[in-house]
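Some notes on the structure that comes next.
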2 protein chains.
Amino acid sequence: MPVRQPSKPRVRRERSEVRPYHHGDLRRVLIDAALQLAAEGAEVSVREAARRAAVSPGAPFRHFPSRDALMAAVAEEAQRRFRAEIEVALGDAPATDPLGRFRAFGLAYLRWAMRNPAHFEIISTGRYFAHGSSTEVTRDNAEVIALTERMLADAAAQGLLRSTDLKRIQIAGRALVYGFARMNLDGHFPRWGVEEGEIERTAEGVIDLFIAGIARF
Amino acid sequence: MPVRQPSKPRVRRERSEVRPYHHGDLRRVLIDAALQLAAEGAEVSVREAARRAAVSPGAPFRHFPSRDALMAAVAEEAQRRFRAEIEVALGDAPATDPLGRFRAFGLAYLRWAMRNPAHFEIISTGRYFAHGSSTEVTRDNAEVIALTERMLADAAAQGLLRSTDLKRIQIAGRALVYGFARMNLDGHFPRWGVEEGEIERTAEGVIDLFIAGIARF
DNA sequence: TCCTCTATGTAATCATCGATTACATTTCGC
DNA sequence: GCGAAATGTAATCGATGATTACATAGAGGA
């Protein structure tokens, strides 16, 4: 145990070169540190995030009442990025081809989940926040879900689907991509890492199989 | 104290009223305690399991080198039960109807996962053991997977499938049920708990949709 | 029957973590 | 300027996984 310095140094440090007592935007830095921790595969601890922000172990609790609150904020950030990526991908898909959009959606979904497994875990697990609560995460997620519902409704309107039970199709579709993403996350695709693109091509094949299954060819 | 007692204290306590120093089958009891902990939704800690076994906090480490080793044993037990349930369900399905067997398999899978969410989490997550390692869990899981491959091969042999890419169908099927189970686990089915059977009926519908999608109608 | 060896449980201890509290310092509104 | 609010620090608590030294039970050999 280091002995406390008997007297306060009282160093008048230069303003611009030394971290000031107040951090500036500790909240933001903590979220980013936690995101990075997660991306590195390490388990996210408040203390480690504080360490990376070069701040005392108790400091984060000024911005987040609990670890879960920090993780919820992290999830919020990850979910925002996820949604943004989805929307970019859909920006390229013509509105006149709902099944094509559906496909593009699934691809973007899985691509992001494959490339950001830790972030996908955080937004999907429900361990860090309740999916039913009215958080930003939930709203972003609901928006994404609404996207798929619209695509399916458009497809049905154009007579492209074999079944009229859109709810069922939608849940199955969600379960499919969610399951694929989580299988990857949970280590159910053992040796696929060898060639990087293989898993994404498999994802593509699975999506195509699903669309072929629901389409009135 | 250096000398061992030359003669035993010979307390000879009543066998049934006092817990003996040695537990009997602590390993088994710890696994069961951990399973129960998980089923209760609590997070599984070694100490709590020890507490339930009325044993000192360090005792479990005589049987499991680490918490993860305990969880791996728990996963082994859960996976065994899962496989057993699947095989019982398939025992009733005629071998002549591979798609019917496929359906029965999916139903049994999801029923078990819905009713034992914590146990399903433990065997699926890969947080407590590597899915690639040669544990009993992995072998049981591989056996279950092999079951589905046989069913699909049979179906293909009878010309029941639209596609010949069995691998793709198999992965999609796994992703579908896995995803449905995990969505339930992860809280993506908000208010469905009201009527107990609803989620299982939805699961049934999703499975049927999938089979209709792959069947040469 | 005794003795010893080994398996197994206990006690004490450590480091880490989430969390809380008292205190210090900076920042900002008046 | 000044005082209050915001924000960081220091110290501390209880729980946990883990390790170590020690104690005891129980089985097998002499």
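Protein chains get the first letters and strands the later ones, always in sequence-line order, with residue 1 at the start of each.
Put simply, B:S45 has a side-chain N or O that comes within less than 4.0 Å of OP1 or OP2 on D:dT16. At D:dA6, none of the side-chain N or O atoms of A:R27 fall inside 4.0 Å of OP1 or OP2 (strictly under the cut-off).
Nucleotide C:dA7 holds its C1' atom 14 Å from the CG atom of B:D25, rounded to whole Å. Between the CZ atom of A:F61 and the P atom of D:dA10 there is a distance of 16 Å, given to the nearest Å. When rounded to the nearest whole Å, the span between NE2 of A:H63 and P of C:dA19 equals 16 Å. In this entry the distance linking CG of B:L26 with P of C:dA7 reads 16 Å, nearest Å. What separates CZ of B:F64 from C1' of D:dT19 is a distance of 18 Å, to the nearest Å. Atom CZ of B:R67 is separated from atom C1' of C:dT16 by 15 Å (rounded to the nearest Å). Between the P atom of D:dG17 and the CZ atom of B:R47 lies a distance of 7 Å, rounded to the nearest Å. Nucleotide D:dT16 holds its P atom 7 Å from the CD atom of B:E48, rounded to whole Å.
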Q. Which is it for B:N141 and B:I123 under the side-chain contact (heavy atoms from CB on, under 4.5 Å) test, yes or no, and what are the steps along the way?
A. CA-CA 9 Å; B:N141 190 40; B:I123 68 178; over 6 Å; no
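Checked against the 6.0 Å centroid criterion, the rings of A:F189 and A:F180 qualify as a close aromatic pair.
Taking 4.0 Å as the cut-off between side-chain N and carboxylate O, A:R27 and A:E76 do not count as a salt-bridged pair.
Side-chain proximity of B:A59 to C:dC17, D:dG8, C:dT10: nearest is C:dT10. For B:S66, whose side chain is taken as the heavy atoms from C-beta onward, the closest listed nucleotide among D:dA18, D:dT16, D:dG8 is D:dA18.
Residue pairs satisfying the side chain to side chain donor-acceptor pair (under 3.5 Å) criterion with at least one member in residues 121-130 of chain A, sequence neighbours excluded, are listed as follows: A:E121-A:T125, A:E121-A:R127, A:S124-A:R182, A:T125-A:R182.
Heavy-atom nearest nucleotides on DNA chain C were determined for A:R62 and for B:P60, and the one closer to the 5' end corresponds to B:P60.
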